[in-house]
Novice: 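Before I ask anything, let me first share the structure, which is written out below as structure tokens.
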Amino acid sequence: MLTTPYPAPDVTLPQRPTPPRFLLAVLGSRPWLAVSAAVLGAVWLVPGAFLPLVVGDAIDRGIAGADTAELVGRIALIVGIGVGQAVFGGALMFAVVGMWLHGASTTQRLVATHVARLGGSLRAQAGSGEVLAISSSDLSRVGNVFEVSGRLLGSVVAFLAVGVALLSYSPLLAGVALVGVPLAVAGIGPLVAPIQRRVDAQRERRSAMSAVGADVVSGLRILRGVGGEQRFGERFRGASGHVRDTGMGVARAQSWLAAAEVVLPGLVTVATTWLGARLALAGDITAGELVAFYGASAFLAIPVTTATMATGDLASALVSAAKVCRLLSLRRQLPEPENPTSLPDGPLDVADPTTGLTAAAGELTVVDAGEHAEATMARLSRFTGDGRPALLSGVPTDRVGLPELRERVVHAHNQDVWFSGILADEFDAARRRGGDVDKALWAADADDILAGLPEGLGEYIGERGREVSGGQRQRLSLARALVTDADVLVLDEPTSAVDAHTEARITERVAALRRGRTTVVFAQSALWAAAADHVVTADDLMLDDRDTATETATEVPHR
């Protein structure tokens, strides 16, 4: 059972989102935050844009004009601009951090919600390394482009404000500054495409490395047992080396971009200063105006740097957003019926037309299907679309809405995964219609497990339940399945890891607890057969060798 710890964000995405549309949709879900960041970016940067002009005016009127009052007034204005920038800069920092959090957290919630909805369909369509790469690196890159967006809009406003002001002083110098700066930005543009390609390649290599790492960690015990630890270690080191090499390529491209951010605006500043000095010597502009032009041209490097930073962040964000969009475009392999049919109330009988298996409503049926058990269980609970759909009281499972089907029919696999957390939360998440935890623990003969835990149900259990033994984990998993109180409960070898005495108690107790509800147990145990109302063997079924092949296309429900 997969659950999300938070509600899905209120973001409307197209069925097949593209990276630009995805970023715009996330940005538009909090318009007030985007507007506040843009406004604060403007009010923070625009006063700084006019600061060189105020300084130049102070030189001409206060110093050159020997007007003390004008000088004091301009100094006060300069101090006011500095204080205002400090205040608005703090507010801007608060807003842009909020933008980063909004972009990253919204993306994370969209991905987590969609992955939960995909369920077992995810494994056949995307690797664990791809999902891990989105969570570990792509979220921050999406957040970065949101963080810089407010400052970018402020930079555009400041650039236009400075341009208009400079035109009133000298159209020639203003033209050099206003034309030179965009040309500098345009000169940086060709460096962005290689960065995007290299970031994309690095991202692919990182996903592959994460997938190798996940495979090694999940199979570490087996690898040690067969002596394959060194071989897989070398494989991981090789994948890590490829990521390092692509990372060096990204770093080289980014270093050229960083150099261009300094050199190209610097050339504009040098040209403006040289031309301004010639005009000042010719008497066309005053010394104060020369200082103002120098300061303004130097200030224009800030919008240019911000624009280039935004361009690089946008390139990385588009690459990451493309990966997110690919994941969000995945669909469940088991589609929802257009017009769902509701199941009848009460106990349900179960039938699998593919094998001829039938289980009477309200009875305990034990099935020995051998190697065909996995595929047969998947059909009964509709975790596969292979073969003819199973019938629940005559209703085909493919005509029942998946939410209702998962509510009424529970498939408890013996390899179900335990997430880390408080033990009681595992049972609370499994409880569907007021199932009794104490009775479920009793039926699974798990009371002694709780007695051995210092905190009982309040004990913290780590990922995959490694704090307990295999037999204890199997009994707790059975109790978790029983507490669902499902109308149809499908169990896969629920006592294969316990001793015969414990298994005998469990079979009797489960039969008593589940009396009046349909229970189908796939097991090869004589003790389960002794407690069953009906026993089905492989000879009673119409088995096909192709049936075992369906396991590769099965959505095995790992909880």
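The figures here come from the full heavy-atom set of this structure, side chains too, leaving out hydrogens, waters and symmetry mates.
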Novice: Using the test side-chain contact (heavy atoms from CB on, under 4.5 Å), find all partners of Leu27 that sit at least two apart in sequence or belong to another chain.
Specialist: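 Per chain and number, Leu27 pairs via side-chain contact (heavy atoms from CB on, under 4.5 Å) with Ala34, Met99, Phe146.
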Novice: Are the side chains of Val350 and Asp352 in touch, meaning some heavy atoms are under 4.5 Å apart?
Specialist: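 No, every pair of side-chain atoms sits at 4.5 Å or beyond.
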Novice: Which residue pairs pass the side chain to side chain donor-acceptor pair (under 3.5 Å) test with at least one member in residues 388-400, sequence neighbours excluded?
Specialist: none
Novice: Apply side chain to side chain contact (heavy atoms under 4.5 Å, CB included) to Val510 and Leu478, showing your working.
Specialist: CA-CA 10 Å; Val510 170; Leu478 176 59; 4.2 Å; yes
Novice: Determine yes or no for a side-chain-to-main-chain donor-acceptor pair under 3.5 angstrom, with Asp533 supplying the side chain and Leu364 the backbone.
Specialist: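 Side chain of Asp533 to backbone of Leu364, a donor-acceptor pair under 3.5 Å: yes, one is there.
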Novice: Kindly write out the residues that satisfy salt bridge (charged side-chain N to carboxylate O under 4.0 Å, His left out) with Asp313, not counting sequence neighbours, or none if the list is empty.
Specialist: none
Novice: Below 4.5 Å, heavy atoms only, C-beta onward: do Val111 and Leu327 meet side chain to side chain?
Specialist: yes
Novice: List in chain and number order the residues that pass salt bridge (charged side-chain N to carboxylate O under 4.0 Å, His left out) with Glu404, two or more places apart in sequence or in another chain; answer none if no residue qualifies.
Specialist: Arg408
Novice: If you take all heavy atoms of Val366 and Ala523, which pair is closest and at what distance?
Specialist: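 Closest approach of Val366 to Ala523: CG1-O, 4.1 Å.
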Novice: Got a sec, which residues hit side-chain hydrogen bond (donor to acceptor under 3.5 Å, both in side chains) with Thr507, two or more places apart in sequence or on another chain?
Specialist: none
Novice: So, using side-chain hydrogen bond (donor to acceptor under 3.5 Å, both in side chains) as the criterion, who are the partners of Asp499 when residues are at least two apart?
Specialist: Thr502
Novice: Rounded at 0.5 Å granularity, tell me how far CG in Leu101 sits from CG in Leu139.
Specialist: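 Between Leu101 CG and Leu139 CG, I get 11.5 Å after rounding to 0.5 Å.
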Novice: Whether the side chain of Thr484 engages the backbone of Ala481 through a donor-acceptor N/O pair (distance < 3.5 Å, no angle test) should be reported.
Specialist: yes
Novice: Is the backbone N or O of Leu328 less than 3.5 Å from a side-chain atom of His114, with the two atoms forming a donor-acceptor pair by type?
Specialist: yes
Novice: If you look at every heavy atom in Ala511 and Ala531, which pair is closest and at what distance?
Specialist: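 Closest approach of Ala511 to Ala531: CB-O, 4.1 Å.
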Novice: How far apart are the closest heavy atoms of Ser381 and Leu405, and which atoms are they?
Specialist: O-CD2, 3.9 Å
Novice: Taking side-chain contact (heavy atoms from CB on, under 4.5 Å) as the test, write out the residues that go with Gln472, two or more places apart.
Specialist: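 Scan of Gln472 (side-chain contact (heavy atoms from CB on, under 4.5 Å), adjacent residues dropped) gives Ile449, Val468, Ser469, Arg475.
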Novice: Just to verify, what does Arg30 make a side-chain hydrogen bond (donor to acceptor under 3.5 Å, both in side chains) with, not counting sequence neighbours?
Specialist: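 Per chain and number, Arg30 pairs via side-chain hydrogen bond (donor to acceptor under 3.5 Å, both in side chains) with no residue.
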Novice: Hey, what do you get for CG (Asp436) to CG (Leu441), rounding to the nearest 0.5 Å?
Specialist: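 Here the interatomic distance stands at 9.0 Å.
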Novice: Taking side-chain contact (heavy atoms from CB on, under 4.5 Å) as the definition, give me every residue that meets it alongside Glu459, ordered by chain and number, with sequence neighbours left out.
Specialist: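 With sequence neighbours excluded, Glu459 shows a side-chain contact (heavy atoms from CB on, under 4.5 Å) to Leu453, Pro454, Glu455, Ile461, given in chain and number order.
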Novice: Can you name the side-chain contact (heavy atoms from CB on, under 4.5 Å) partners of Ser496, sequence neighbours left out?
Specialist: Gln474, Glu493
Novice: Name all residues meeting the salt bridge (charged side-chain N to carboxylate O under 4.0 Å, His left out) criterion together with Arg515; count only those two or more places apart in sequence or in a different chain, and write none if there are none.
Specialist: none
Novice: Taking Asp540 for the side chain and Val536 for the main chain, is one N or O donor matched with an acceptor at less than 3.5 Å?
Specialist: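 Side chain of Asp540 to backbone of Val536, a donor-acceptor pair under 3.5 Å: no, none is there.
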Novice: Going by the rule salt bridge (charged side-chain N to carboxylate O under 4.0 Å, His left out), which residues pair with Arg509 if we only count those two or more places apart in sequence or in a different chain?
Specialist: Asp445
Novice: Determine the minimum heavy-atom distance between Leu423 and Gly456, stating which atoms define it.
Specialist: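 Reported closest heavy-atom pair: CD2-O, 4.1 Å.
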Novice: What heavy-atom pair brings Pro389 and Pro353 nearest, and what distance separates the two atoms?
Specialist: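 Looking at all heavy atoms of both residues, the closest pair is O-CD, 3.4 Å.
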Novice: Main chain of Leu348, side chain of Thr518: is a donor-acceptor contact present, judged purely on distance under 3.5 Å?
Specialist: yes
